[in-house]
Structures are given as structure tokens and as C-alpha cells.
Amino acid sequence: MDFELSQEQKAFFKEVKEFAEKEIAPFTEEYDRNSEFFWDGWKKMGAMGLLGLPFPEEYGGSDAGALDTAIAMDAFAAGGGDAGVSLSWGAHTIIGAVPIWVMGTEEQKKKYLPGICSGEKVSCFGLTEPDAGSDAASIKTTAVRDGDEYVINGSKMFITNGPICDLCIVMAVTDKEKGGAGISAFIVDRDTPGFEVSRELDKMGNRTSPTAELAFNDCRVPAENLLGGEGEGFYGVGKATLEWERAIMVAPAVGGMECNINRCIEYAKERKQFGRPIGKFQAVAFKIAEMKCLLDAARLLVYRVAWMKDQGIPAMMEACVCKLFVTESAFKVANEAVQIFGGYGYIREYPVERTLRDAKLGTIGAGTSEIQKMIISRLLMGKF
Ligand SMILES: Cc1cc2nc3c(=O)[nH]c(=O)nc-3n(C[C@H](O)[C@H](O)[C@H](O)COP(=O)(O)OP(=O)(O)OC[C@H]3O[C@@H](n4cnc5c(N)ncnc54)[C@H](O)[C@@H]3O)c2cc1C
């Protein structure tokens, strides 16, 4: 068993971390305050090949594999790369494009992936609805075949990149008798008549990543935009993206923990109370030690699933364990970071308050912590 990254992977981590330190981190506070998407950074990420990492070179990607994609996302956040940008990146490259890569026809891949890889076209993924979140198979959006088209009606809630997207992978019911097996996936272009961003949502954290409610009113999509076969939306896309979403997409939470721990170490050595640096108090020093344990365990869990993915080994259980542990740990680390910074931790001048607001989303999006526990326990105990 080899836990060591290769020299190339270490160099890649360093390169991406330095990119984030220089090109993203200095602008994060301002963009977070204004709740604004960081287009300049996005374009640079596209030019650097980050937005198309996993995809084959013939479609404009970098052929990087799951582990190298996880390394890049981890490194980006370790360099202070903003969590909102990472969220938009994950929604675009992972849930917004991996299904096209895995399930798409040659024409669909040629049409959509190059623009996604360069960042010229922004993708998003629409499953959640106002009345269907954790119980995702209960969505009500419908797609009815009419000649060479499908007519989509319904709405999607909390869609990351919704306000700025050029295309959206939309999940819709094509056969309501079949439950999850009656749900199909469609690639819907933003300029399709009937596709509307009904409202942009104002969020607590990840404020640089735009989120929207989307509406589809008699939205006519060519039949060739069906992704996979009819009925392959829910389970097909789930199969294609599950490990990506629950492990690779949470890799930025790992780098974010590292960044926060470094901030705490620096602060604990500098800040003096009772005539001593606060890091000399065991209560503070032990918090930092515990944060480091969470970081190391979280990183190993992410890299384990990424490695399994690259070996073609199914990792459903490992991905759920990873999602649960990493996101809960990132939230704990951010919370302790605020505590270590004391009153200053609560003030916007210091970045730790933002990391606490950002980290909360990890325990909610892409299946809440409760849902991960439900799946893990069911996998362990089976039916009894
Ligand atoms: C900022 C943001 C970005 C998002 N981006 C996207 C996106 O790009 N695309 C997309 O499709 N969705 C997206 N989502 C939606 C996200 O995946 C859902 O919010 C999430 O799955 C939870 O669904 P819900 O909000 O409807 O909560 P609910 O399902 O209503 O859950 C509410 C509470 O009940 C608990 N609960 C529900 N069912 C059970 C159960 N069986 N057992 C125990 N507890 C249960 C939950 O854990 C939670 O604590 C995003 C959400 C947010 C906030």
C-alpha cells in the first residue's frame, strides 16, 4: 500500500496551490462581500485546464483521472481558493459535465465538453425541486415526448451556477409509474424558449457561487438532447456521478481545512493573553492538534475514493463515508478556528468567519449528513 503521491502529483499540487494563492485568494473577501461571481478567476482556471481536468483531450480536457482532479481541488482550497469558486467548479465540471462524458453520445460530447473545459460555457445540474430534496426520486418536473422533441414543465430549486449557466442537465419524469426508473436526464440550453431563471437566491455562505431557482414552461428540447436512454436519468446519472460528487467534489473542504489550520497556527503563535501566546495554552494547542487529525483522515478518505474510481472499483459505501466525515470535519474545523480567533474570529476582517459560513453547506448539499448516515447504515445492516 503506497500513500505517497508521485513527484508529478506533488508538483501539480504545488502549482495549483500557488495559482490559488496568487490569482484567487486576494480577491475572495471582496467578491464574497459583493456576492459576485469571480469571472476573471474562472477564465484563468479554464486557461489552466482546471475546468476540464477529468475529460479526454479530444474534448478539450486534460485526461487527469479522479485522483488528480481531487488533488487539484484540494490544492486550490489549500492555497486559499474560495469555497464558492470551488462549489461552482464542482457543479460545472463534476455534476454538470461528468454525466455528459460518461453517458453522452459522441455528438453531445463534441458539442458541449470543449466549451465546458475552457470555461466559455458554464454548466449546472438540476435535480432538486421546491418539494423534492432528500427524496429526490419524488421530483415532479415532467418531460413529454412530442415528435422529435420533449416538452419540459416544472421548476428546479437551489441550482448552483443557475444564474450564469449556458446549459443545465435537467432531471424530469418521463414515466410517472416507474418512480426513480421513470426519470430521464436532458441537456437543456439556456437560450431554449421556456427556460427561465425565476430568481437568484441570497445565501449565508459560498456567496461567490450564484444559486437560482429555475423554471421550465413548455420548454421544447430536441430529442437528441436526451442524456442516456429514457429512464436512465436518476439511476444512470447517479451511477455515473455518485463517487465524483461525494468524494472528489468535497476535496476542496480538505484544502480548506489545511488553510484554516495554518491561519490558526499563525494566530495562536502571535496573539498574546495573560502575557503568553495563546498557542501556549493547552486548550488552544489541543484544538489545533485535533483539527490536524480531522484534516489527515479527511484527505485519506477523499484520496481513497478517488483512487478506487481510477481503478474501476465501485465505492458507494466509501463515497458516503467520505462525504459525511469530510464535510462534518470541515465544519468542526471552521467552528474551532472562529473560537481560536475569539472576537476577531467573528469579525469580517478575518477570513475564518467566512469559512464557517461556507463550510455549513457541505453538510446539506449533495445529500445531507443524515441521508449519508441513512445510506451507510442501510448498506451495513441490509434489510432485517
Ligand atoms: C447552496 C446550495 C446549492 C445547491 N446546489 C444544488 C445543485 O446544483 N443541484 C441540485 O439539484 N441541488 C442542489 N442543492 C440542493 C441540495 O442537494 C438539497 O438542499 C439537499 O439535498 C437537501 O434537500 P432539501 O434542502 O430539500 O432538504 P430536505 O430534504 O427537506 O431535508 C430537511 C431536513 O430533513 C432531514 N431529512 C430528510 N429526509 C430524511 C430522512 N429520510 N431521514 C432523516 N432525516 C431526513 C434532512 O437531513 C434535513 O436535515 C443545493 C443546495 C444548496 C443549499
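Atoms considered below: every heavy atom in the structure, side chains included; atoms not considered: hydrogens, waters and symmetry mates. We count ligands from 1, going down the list as the structure has it; atoms in each ligand are counted the same way.
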J.: Among all protein heavy atoms, pick the one closest to atom 49 (O) of ligand 1 and tell me residue, atom and distance.
T.: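 Scanning the protein heavy atoms, the shortest distance from atom 49 (O) of ligand 1 goes to Glu370 OE1, 3.7 Å.
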J.: If you have a sec, work out which protein heavy atom is nearest atom 9 (N) of ligand 1 and how many Å separate them, to one decimal?
T.: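 Checking every protein heavy atom, the shortest distance to atom 9 (N) of ligand 1 gives Phe125 O, 2.8 Å.
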J.: Under the salt bridge (Lys or Arg N to Asp or Glu O under 4.0 Å) test, which residues partner Arg33, sequence neighbours left out?
T.: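 Testing Arg33 for salt bridge (Lys or Arg N to Asp or Glu O under 4.0 Å), a comparison that skips the adjacent residues, returns Glu29.
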J.: Using a strict cut-off of 4.0 Å, indicate which atoms of ligand 1 neighbour a heavy atom of Ala366.
T.: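 So the answer, numbered in order with elements, is 17 (O).
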J.: When you look for heavy atoms under 4.0 Å from ligand 1, do you find them on the side chain of Leu361, its backbone, both, or neither?
T.: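 Just the side chain.
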J.: How far is atom 40 (C) of ligand 1 from its nearest protein heavy atom, and which residue and atom name does that atom have?
T.: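 The protein heavy atom lying closest is Ile371 CD1, 3.9 Å.
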J.: Compare every heavy atom of Ala77 with every heavy atom of Pro252, then report the nearest pair and how far apart it is.
T.: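 Distance-wise, the nearest heavy atoms are O-CB, 3.0 Å.
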J.: In the complex you have, is atom 15 (C) of ligand 1 within reach of the protein, judged by whether a heavy-atom distance drops under 4.0 Å?
T.: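 Looking at atom 15 (C) of ligand 1, one finds that a protein heavy atom does lie closer than 4.0 Å.
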J.: Hey, could you give me each pair passing side-chain hydrogen bond (donor to acceptor under 3.5 Å, both in side chains) that has a residue in residues 37-46? Not counting sequence neighbours.
T.: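 The answer is Glu23-Lys44.
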J.: Looking at Ser209, is its backbone amide N or carbonyl O close enough to the side chain of Arg207 to form a donor-acceptor pair, meaning the two atoms are under 3.5 Å apart?
T.: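 Pair absent, no side-chain N/O of Arg207 close to backbone of Ser209.
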J.: Thr160 heavy atoms, cut-off 4.0 Å: which ligand 1 atoms fall inside?
T.: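 Those of ligand 1 that fall under 4.0 Å from Thr160 are 3 (C), 4 (C), 5 (N), 6 (C), 7 (C), 8 (O).
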J.: Taking only heavy atoms of Lys203 into account, list the atoms of ligand 1 that are under 4.0 Å away from them.
T.: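 Counting atoms of ligand 1 from 1, those under 4.0 Å from Lys203 are 1 (C).
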J.: Could you check atom 7 (C) of ligand 1 against the protein and tell me its nearest heavy-atom contact, residue, atom and distance included?
T.: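 Here the nearest protein heavy atom works out to Phe158 O, 3.4 Å.
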J.: Taking the minimum heavy-atom distance to atom 36 (N) of ligand 1, which of Ser134, Gly162, Gly133 ranks first?
T.: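 Ranked by closest heavy atom to atom 36 (N) of ligand 1, first place is Ser134.
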J.: Does any N or O in the side chain of Asn225 come within less than 3.5 Å of the main-chain N or O of Val188, such that one atom is a donor and the other an acceptor?
T.: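 No, because the side chain of Asn225 does not come within donor-acceptor range (under 3.5 Å) of the backbone of Val188.
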J.: Taking Glu224's backbone N and O only, do any of them form a donor-acceptor pair with Gln108's side chain (distance below 3.5 Å, no angle check)?
T.: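 A pair under 3.5 Å: yes.
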J.: For atom 30 (O) of ligand 1, decide whether some protein heavy-atom distance is shorter than 4.0 Å.
T.: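 Protein heavy atoms within 4.0 Å of atom 30 (O) of ligand 1 - there are none.
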J.: For the pair Asp358 (side chain) and Gly205 (backbone), establish whether a donor and an acceptor sit closer than 3.5 Å, ignoring hydrogens and angles.
T.: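 Side chain of Asp358 to backbone of Gly205: no pair is present.
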J.: Within a distance of under 4.0 Å, is there any protein heavy atom near atom 2 (C) of ligand 1?
T.: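 Within 4.0 Å: yes, protein heavy atom nearby.
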J.: For the pair Glu336 (side chain) and Lys287 (backbone), establish whether a donor and an acceptor sit closer than 3.5 Å, ignoring hydrogens and angles.
T.: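 Not confirmed, Glu336 side chain does not pair with Lys287 backbone.
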J.: Among all protein heavy atoms, pick the one closest to atom 12 (N) of ligand 1 and tell me residue, atom and distance.
T.: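 For this ligand atom, the closest protein heavy atom is Thr128 OG1, 2.7 Å.
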J.: Hydrophobic cluster membership, with links at side-chain heavy-atom distances under 4.5 Å among I/L/V/M/F/W/Y: are Val102 and Leu53 in one?
T.: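 Yes, one cluster joins them.
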J.: Is there a side chain to side chain contact (heavy atoms under 4.5 Å, CB included) between Val85 and Met45 once you walk through the steps?
T.: CA-CA 10 Å; Val85 176; Met45 289 167 74; 3.6 Å; yes
J.: Is there a protein heavy atom less than 4.0 Å away from atom 34 (O) of ligand 1?
T.: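 Given the 4.0 Å limit, the answer for atom 34 (O) of ligand 1 is no, no protein heavy atom qualifies.
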J.: Do Phe37 and Leu214 share a hydrophobic cluster, counting only Ile, Leu, Val, Met, Phe, Trp and Tyr and linking them when any side-chain heavy atoms are less than 4.5 Å apart?
T.: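 Different hydrophobic clusters.
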J.: Please report which non-hydrogen protein atom sits nearest to atom 20 (C) of ligand 1, along with the residue it belongs to and the distance in Å to one decimal place.
T.: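 Protein heavy atom with the smallest distance to atom 20 (C) of ligand 1: Ile364 O, 3.4 Å.
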J.: Considering only non-hydrogen protein atoms, determine which one is nearest to atom 41 (N) of ligand 1 and report residue, atom name and distance to 0.1 Å.
T.: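 Its nearest protein heavy-atom neighbour is Met374 SD, 3.6 Å.
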J.: Given that the side chain starts at C-beta and the backbone is N, CA, C, O, which of these parts of Thr368 lies under 4.0 Å from ligand 1, counting heavy atoms, or is it both or neither?
T.: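 The answer is the side chain.
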